[in-house]
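Encoded as structure tokens, the structure appears first; notes follow it.
Small disclaimer: the values here were computed from a predicted structure and weren't measured. The sequence lines fix the lettering, A, B, ..., with proteins before strands; numbering per chain opens at 1.
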2 protein chains.
Amino acid sequence: MLAKSSTELVRQQNSALVLSALRRHGRLAHTEISDATGLASATISSITADLERARIIEKSEQQATVGRGRPRVLFSQRRNCGYLITVIISSDLIQYSLIDYAGTLLDRFSEPRGEGGTAAFLAAISAGLERAVERSRIDRGSVLLVSVSSKGLAHPSEPVLVWSPVFGSQPVDFAAALKDGWHAKVILNNETLLVAGALLERQVKTQGGGEPVLAALSLGHSIGLGIARRVAGGVPEISAPNFGHMLHMPNGGLCRCGARGCVEAYAGFYAILRAAFEVPLDTIPAKFVPVAEIDKIAARARQGNRMAQLAFRNAGAALGYGLSRLLSLHGHMPVFITGPGTRYQDLLQAGIEEGLAQTHVVRLGGMPGLTVVPDEPSLVFEGHLNLAFSIVDQDIIGSRQSMQAAGE
Amino acid sequence: MLAKSSTELVRQQNSALVLSALRRHGRLAHTEISDATGLASATISSITADLERARIIEKSEQQATVGRGRPRVLFSQRRNCGYLITVIISSDLIQYSLIDYAGTLLDRFSEPRGEGGTAAFLAAISAGLERAVERSRIDRGSVLLVSVSSKGLAHPSEPVLVWSPVFGSQPVDFAAALKDGWHAKVILNNETLLVAGALLERQVKTQGGGEPVLAALSLGHSIGLGIARRVAGGVPEISAPNFGHMLHMPNGGLCRCGARGCVEAYAGFYAILRAAFEVPLDTIPAKFVPVAEIDKIAARARQGNRMAQLAFRNAGAALGYGLSRLLSLHGHMPVFITGPGTRYQDLLQAGIEEGLAQTHVVRLGGMPGLTVVPDEPSLVFEGHLNLAFSIVDQDIIGSRQSMQAAGE
DNA sequence: ATCTAATTTCTCGACTGTCGAGAAAAAAGC
DNA sequence: GCTTTTTTCTCGACAGTCGAGAAATTAGAT
């Protein structure tokens with residue numbers, strides 16, 4: 001069923017539009033907002049007045065005026081309107097970042113990821129969040145959103161990790177990490193989903209468009225994939241399919257997930273290690289492989305060692321076949337490769353292309369663009385900010401009380 | 001970028017809401033529309049008055065009033081507001097249906113699909129369309145939409161068949177089938193996409209909800225797949241990925257598409273034939289296999305013939321592995337199996353389940369629901385109507401002239 | 001035959017929103 | 001000090017939704 005519309009929703013939508021223009025371009029003047037949003041000047045006056053009264057945005061201190069005419073009044077988000085904490089979970093560390101409403105990074109620290117079960121893990125995160133607010137002397141209640149990312153499968157609507165390399169199918173509910181005194185909403189997303197979102201937003205910013213859809217492939221100990229698509233409504237649609245554990249080969253090598261023949265069981269770091277040393281494919285996979293170990297194999301491969309070369313080539317082929325299936329089921333799209341595994345791109349490339357080349361989609365639409373994007377951590381952080389602020393802004397605008405009561 | 005909103009769009013949205021309620025439930029009274037849409041009674045008055053003035057809806061002739069109180073006034077679409085033609089292309093026939101704006105089928109006929117290239121094909125369709133309007137003495141100009149369906153890959157936005165079993169990658173632009181005097185828009189969709197859309201709408205109607213996503217799998221000479229998803233906005237999102245030509249097995253059997261190892265090259269009718277007779281897998285596939293031929297193989301399989309059994313089982317496995325990949329990349333969802341191939345479900349089932357069972361998604365989310373839905377043709381037609389009328393209604397409402405000028 | 005209750009449709013005024021035009025503000029140049 | 005230029009702000013017109021209650025119309029009671 002379609003949703004009904006009303007004049008209030010119109011104002012909400014257009015307020016969101018103003019706020020998102022401010023996010024994208026930073027400080028803007030009245031006229032600039034009007035240009036960016038397409039709304040009439042009078043409408044901008046009305047909306048900015050509302051937002052200012054609600055203490056969501058503020059007029060920046062005057063900067064040196066340039067050119068003649070009435071000086072511009074720049075608007076920007078009120079820094080202490082609220083805060084955002086991002087929690088980036090990787091295999092060995094948990095990184096916490098505190099960001100104010102204007103998007104400025106206030107604090108960042110990492111803590112080693114301890115051993116133990118999900119309870120201990122959640123307790124550690126809970127402590128980390130407490131530490132984050134205490135270090136900056138910020139009221140817990142003013143944290144609007146905690147944005148968590150991890151590898152693995154996130155529940156589509158709840159902040160629950162449905163499957164992860166570390167805890168398997170034992171669910172982890174991050175909502176439980178917030179104790180009393182916190183009012184923040186908690187969201188959880190797959191890491192590579194955020195990367196895909198960040199890449200799409202970068203495209204919008206630089207080319208003002210470009211292809212409307214892309215995939216991000218993260219190579220490392222595990223294999224991550226995110227898809228981002230610009231869709232009619234305006235809000236991009238991002239998802240993180242279970243690519244790493246899609247079937248590559250029936251009855252194939254044993255994977256960390258317990259299944260057989262997953263893509264990861266051929267292309268993950270542990271799989272490359274296994275293949276290079278000709279360990280039987282049903283060997284229980286290594287919990288963790290230091291990058292140095294794979295570097296050694298890569299060095300041998302680059303020196304001509306056949307077995308090492310084959311390990312990378314097969315890994316590439318698993319990825320290529322997997323990508324060909326991705327393109328078959330999601331349509332043709334460019335692929336951006338990121339993660340620690342990109343340093344072996346020279347050894348993987350041939351296999352990837354071989355795997356891709358056979359399929360009908362590729363024969364029809366051509367080889368998809370394969371671009372290596374090295375700096376995964378900043379993409380993840382960017383993705384966090386994009387997604388988190390769009391949610392925070394939506395929530396703030398949605399709660400009409402804040403817009404009206406604050407005006408008293 | 002988000003889209004800007006305005007009060008006019010609000011009216012558009014709500015008018016569409018009223019029209020879609022009318023589509024779903026048939027004739028409705030003022031109060032019923034209000035209940036169905038959630039709009040205030042006064043708003044319904046205003047909108048229905050507009051639509052009536054624009055000659056889009058009309059008050060039905062009074063029917064026997066029941067119960068006391070002021071008698072209801074029922075609204076329904078004005079039949080001759082415009083017409084819709086559906087063109088359903090199958091391997092041997094082309095079926096034309098003429099439907100009025102109220103959704104009543106006025107005429108239907110089929111013509112054999114001739115030989116020849118794309119030009120001859122388009123000319124035949126052009127003639128078929130002419131015949132459709134002439135038989136019912138309808139003005140070409142009052143046909144609002146021609147909705148075409150076919151197997152194969154449709155262009156995402158244009159009515160162009162990008163790949164089809166018959167014409168291969170030679171594109172067919174159905175817009176060219178309309179000559180002078182026609183103002184209709186032409187849309188083209190994959191047949192199984194329409195099936196998926198129809199199944200989703202049926203779920204909405206009966207259960208008022210149910211799972212928000214499903215897949216339709218059509219088994220026949222070729223393999224079709226459609227995905228339908230209820231999404232926040234209200235308009236369902238339907239797509240037809242290139243499932244049949246997704247890679248099933250690297251360097252596998254030759255497919256009609258020219259690639260090797262496609263799902264279809266193992267699960268299509270010609271593939272079952274090839275496997276049952278132990279013809280080498282790189283044999284050029286048969287253009288067309290009569291169902292009777294496959295029936296014979298099925299009979300032999302049911303009588304215990306090993307080779308025939310294996311042919312079906314391998315076909316099932318190709319489908320099962322393919323579906324497991326679908327679930328990996330699109331999330332867990334129930335699958336509805338349709339098409340002529342459903343009559344061999346008993347022989348395919350085991351293979352399908354075997355192929356599905358191995359994967360991570362299935363181990364996590366359980367075996368997906370597999371439901372056989374026999375009557376594919378009516379699903380296709382239903383899908384045509386759903387999609388076509390939602391577009392027609394949108395267009396009619398969108399063209400503001402019709403709403404205002406008609407009031408003179 | 002008339003009155004009352006029930007039910008539905010229609011209308012009015014209040015409210016919220018967008019927009020265009022032009023007034024007001026404020027700095028730079030002459 | 002006046003003019004030009006540029007930006008912001010304000011006003012009134014217009015479009016839309018909503019709640020309340022009036023108007024319409026029938027069934028049943030008296």
Worksheet item: Under the salt bridge (Lys or Arg N to Asp or Glu O under 4.0 Å) rule, what pairs show up with a residue in residues 30-45 of chain B, not counting sequence neighbours?
Response: Glu32(B)-Arg72(B)
Worksheet item: Which part of the nucleic acid, if any, lies within reach of Ala29(A) when heavy atoms closer than 4.0 Å are counted: base, sugar-phosphate only, or nothing?
Response: sugar-phosphate
Item to complete: Measure from the side chain of Glu8(A), starting at C-beta and using heavy atoms only, and say which of dT18(C), dC12(C), dT16(C) lies closest.
Response: dT16(C)
Worksheet entry | Salt bridge flag under 4.0 Å for residues Asp50(B) and Arg11(B) | yes
Fill in: Partners passing side chain to side chain donor-acceptor pair (under 3.5 Å) against Ser34(A) (at least two apart in sequence or in another chain)
none
Practice prompt. Ignoring the backbone of Ala42(B), work out which of dT18(C), dC12(C), dC19(C) is nearest its side chain.
Written response: dC12(C)
Discussion item. Which residues pass the side chain to side chain donor-acceptor pair (under 3.5 Å) test with Thr31(B), not counting sequence neighbours?
Written reply: none
Under 3.5 Å, N/O pairs linking protein and nucleotides 21-25 of chain D:
from    : atom 1 : to       : atom 2 : distance (Å)
dA24(D) : O4'    : Arg70(B) : NH1    : 3.3
dT25(D) : O2     : Arg70(B) : N      : 2.9

Discussion item. Among residues at least two apart in sequence or on other chains, which ones pass side chain to side chain donor-acceptor pair (under 3.5 Å) with Ser378(B)?
Written reply: Asp375(B)
Fill in: Rounded (10°) bend between the five-pair end axes of the helix from dA1(C)-dT30(D) to dC30(C)-dG1(D)
30°
Discussion item. What is the separation between atom CZ on Arg72(B) and atom P on dT7(C), rounded to the nearest whole Å?
Written reply: 11 Å
Practice prompt. Would you please confirm or rule out a distance under 4.0 Å between OP1 or OP2 of dG16(D) and any side-chain N or O of Asn14(B)?
Written response: no
Fill in: Closest to the Ala40(A) side chain, choosing from dG20(C), dT9(C), dT17(D)
dG20(C)
